[in-house]
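Source: prediction; values computed, not measured. Worth knowing before you read on, the calculation uses all heavy atoms, side chains too, and leaves out hydrogens, waters and symmetry mates. Proteins get letters first, then strands, A, B, ... in listed order; numbering begins at 1 in each.
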2 protein chains.
Amino acid sequence: MKIVPEIIQKLTEAGLKITPQRVAVMQTLMKLKSHPTAEELYAEVSKTIPGLSPTTIYNTLDTFVDRGLVKRVKTDLDRMRYDAITEHHHHLYCAISDRMEDYFDPELDRILSDYFTRKKINGFNVTDIRLQLMGDFENKAKQ
Amino acid sequence: MKIVPEIIQKLTEAGLKITPQRVAVMQTLMKLKSHPTAEELYAEVSKTIPGLSPTTIYNTLDTFVDRGLVKRVKTDLDRMRYDAITEHHHHLYCAISDRMEDYFDPELDRILSDYFTRKKINGFNVTDIRLQLMGDFENKAKQ
DNA sequence: TCCCTAAATTGTATTTATTACAAACATGGT
DNA sequence: ACCATGTTTGTAATAAATACAATTTAGGGA
Ligand SMILES: [Mn+2]
Ligand SMILES: [Mn+2]
Ligand SMILES: [Zn+2]
Ligand SMILES: [Zn+2]
């Protein structure tokens, strides 16, 4: 569970300088599974980096997205959210609580992949299939 | 193809007063298949209603969404988009051009519905399945 | 058809998330 | 250790959306 060296490696591979801010942002994003907003990340990362500027959060996240280290996700509300998981996956989402959780399902992916290999869509070339499963969490604690 | 009486009926059924602004917004939204933003709607509807206020666009769309006459859709960019089609359907989306088109596929819906009837997700009750098919349009004119 | 009232529209002022910018600072290669 | 370049910070600016109060309009009842 040594996460910091892992992060340092990621940053290095992406050609980015290692800064306390970047390490802390990535670490926090990997820890929080809630797909946090920039604001939520700012609150959390500030605990570690006292002088932190909100701008740095935005800059850092933009840079991470650019380099493919992080993905943006949207919900029905008007704020961008961020996801440290870059591998293909889907989301469970409850519009009422605005809660979002990851959903991995290789069997489903296989079915969808097969389906769209067979079924061609006229004038459109599918490169990725994202599912948003809307519904309610039988709330077993908010994460 | 008499669309206005149809719109008037929709508005009446929703318990809303018939105003030129509302009729024009709905008409424009039904005509444009592009899932326009409030701003794009404002530009288009202004042609018909000269004194139109942007606020009216926002108010009207909010009201329509409240009453279920219209749905909000999101893309990867930071603007809300609107959809006059309220029946269940999916979207084809190209992140590069930010172009979005509707995708109806009952066969696919059947497959997904069957799959999630069998496969229970622990702690989550699925009520709707939305697919966003990412990819590129072999652009046959931007609609 | 006219009145009246509730509902809708408008213009303006705010809010809120995000972005732009330039100065200060820190990283990492030499 | 030094320097150049990339990064962070604080502040100012944007842009979408919302709040609000004054004005206007729709449409049901007289
Ligand atoms: Mn915004
Ligand atoms: Mn916004
Ligand atoms: Zn995720
Ligand atoms: Zn649609």
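To the nearest 0.5 Å, atom CG of residue B:Leu61 and atom CZ of residue B:Arg22 are 11.0 Å apart.
Here the closest heavy-atom approach between residue A:Val70 and residue A:Ala84 is recorded as CG2-CA, 4.4 Å. Closest approach of A:Val23 and A:Leu11 over heavy atoms only: CG2-CD1, 4.1 Å.
Cluster partners of A:Leu77 are absent, since no Ile, Leu, Val, Met, Phe, Trp or Tyr has side-chain heavy atoms less than 4.5 Å from it. B:Val73 shares a hydrophobic cluster with B:Tyr93, B:Met100, B:Met134; the chain of contacts runs through ILVMFWY side chains whose heavy atoms sit under 4.5 Å apart.
Side-chain contact of A:Asp105 with A:His90: a donor-acceptor pair under 3.5 Å is absent, judged by distance alone.
Spacing between atom CG of A:Leu11 and atom P of D:dG6 amounts to 16 Å, rounded to whole angstrom units. In this structure, CZ of A:Arg79 is placed 14 Å from P of C:dT19, rounded to the nearest angstrom. Between A:Tyr42 atom OH and C:dT19 atom P there is a gap of 17 Å when expressed in whole angstrom units. The NZ-P distance, from B:Lys74 to D:dA16, rounds to 14 Å in whole Å. With rounding to whole Å, A:Met80 atom CE is found 19 Å from C:dT16 atom P. Distance CD1 (B:Ile18) to C1' (D:dG28): 14 Å, rounded to an integer number of Å. Regarding A:Arg72, its CZ atom lies at a distance of 16 Å from the P atom of C:dA17, rounded to whole Å. Counting to the nearest Å, the C1' atom of C:dT16 and the CZ atom of A:Arg81 are 17 Å from each other.
Side-chain contact between A:Tyr42 and A:Thr55 is absent, with no heavy-atom pair separated by less than 4.5 Å.
If you check distances only, the side chain of A:Lys17 does reach the base of D:dT5 with a donor-acceptor pair under 3.5 Å.
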- At under 4.0 Å between heavy atoms, which parts of nucleotides 8-14 of chain D does protein reach? Answer with one letter per nucleotide, 5' to 3': B base, S sugar-phosphate only, - none. BBBB---
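Checking B:Leu16 against B:Asp62, the closest nucleotide of DNA chain D that is more toward the 5' end is the one next to B:Asp62.
With sequence neighbours excluded, the residues forming a ring-ring contact (aromatic ring centres under 6.0 Å, His included) with A:Phe124 are B:Phe137, listed by chain and number. The ring-ring contact (aromatic ring centres under 6.0 Å, His included) check on A:His89 picks up A:His91, A:Phe104, with sequence neighbours excluded.
The overall bend of the helix from C:dT1-D:dA30 to C:dT30-D:dA1, read as the angle between its terminal helix axes built from five base pairs each, is 30° when rounded to 10 degrees.
Under 4.0 angstrom from either OP1 or OP2 of D:dT18 there lies no side-chain N or O belonging to B:Tyr58.
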